[in-house]
Amino acid sequence: MSAALNTRAQGVLDREERLLVPAVAKTVPEKEQKSFNNRVVRSLGILDSRVHLVGMHDAVWEGSDERERALFNEAIPVLPRMMIPRWRRLLYEPVAGVLDIMKKD
């Protein structure tokens, strides 16, 4: 059951990366994308926004687009960027670790 769920979730993420992300990047102005991201982070609250920021960082760094990395570094202040390794260890991994366990099944 968990392998099927993992496969289905990975398929959804792959389609999102292949179809949705490029479409949004081409049709939604960069300024509006930043504004939307800021609204999402504000709505999450302080703890969830830290987890979200770690996930965003990992997603950007897993890709090979240097422009995305530069945009991330430009949009995220240096202090939160410096805290990402700590937040990953203390906040993100305990939550996302469940997903890693599911991948191994």
Side-chain angles (χ1 to χ4, degrees):
M1 172 83 171
S2 66
L5 179 60
N6 184 36
T7 301
R8 179 159 267 184
Q10 189 61 49
V12 169
L13 291 174
D14 290 343
R15 280 189 297 276
E16 180 181 298
E17 281 293 319
R18 201 175 62 249
L19 304 171
L20 186 61
V21 171
V24 169
K26 286 183 179 179
T27 59
V28 178
E30 185 179 316
K31 186 175 179 177
E32 286 183 44
Q33 291 178 38
K34 286 181 183 180
S35 174
F36 177 77
N37 285 341
N38 290 336
R39 286 194 311 261
V40 168
V41 169
R42 278 195 306 272
S43 72
L44 290 172
I46 191 77
L47 179 62
D48 288 340
S49 65
R50 291 173 181 175
V51 172
H52 179 72
L53 185 61
V54 172
M56 282 179 31
H57 174 272
D58 290 353
V60 168
W61 259 255
E62 284 176 10
S64 59
D65 190 347
E66 289 296 323
R67 292 174 300 159
E68 287 293 320
R69 292 178 183 181
L71 285 172
F72 183 90
N73 287 333
E74 179 185 313
I76 307 300
V78 70
L79 185 57
R81 288 196 324 260
M82 289 172 53
M83 295 299 294
I84 287 174
R86 178 178 173 80
W87 293 340
R88 177 181 293 107
R89 188 178 74 251
L90 298 176
L91 305 173
Y92 185 80
E93 288 176 356
V95 175
V98 173
L99 300 174
D100 291 335
I101 290 169
M102 287 177 62
K103 277 185 179 178
K104 293 176 186 175
D105 288 344

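All values below were derived from every heavy atom in this structure, side-chain atoms included, with hydrogens, water molecules and symmetry-related copies excluded.
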(request) Given side-chain contact (heavy atoms from CB on, under 4.5 Å), test Tyr92 with Asp58 step by step and report yes or no. (result) CA-CA 11 Å; Tyr92 185 80; Asp58 290 353; 3.9 Å; yes
Which donor-acceptor pairs under 3.5 Å do side chains of residues 17-27 form with protein atoms, sequence neighbours excluded?
from: Thr27; atom 1: OG1; to: Ala23; atom 2: O; distance (Å): 2.8

Please set out all donor-acceptor pairs under 3.5 angstrom arising from side-chain atoms of residues 71-79, sequence neighbours excluded.
from: Asn73; atom 1: OD1; to: Arg81; atom 2: NE; distance (Å): 3.4
from: Asn73; atom 1: ND2; to: Arg69; atom 2: O; distance (Å): 3.4
from: Glu74; atom 1: OE2; to: Lys34; atom 2: NZ; distance (Å): 3.2

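To the nearest 0.5 angstrom, His57 atom NE2 is 10.5 Å from Glu62 atom CD. Atom CD1 of residue Ile84 and atom CE of residue Met56 lie 8.5 Å apart, to the nearest 0.5 angstrom.
Summarising the geometry of Val28 relative to Glu32, their closest heavy-atom pair is CG1-CB, 3.8 Å, with the distance given to 0.1 Å.
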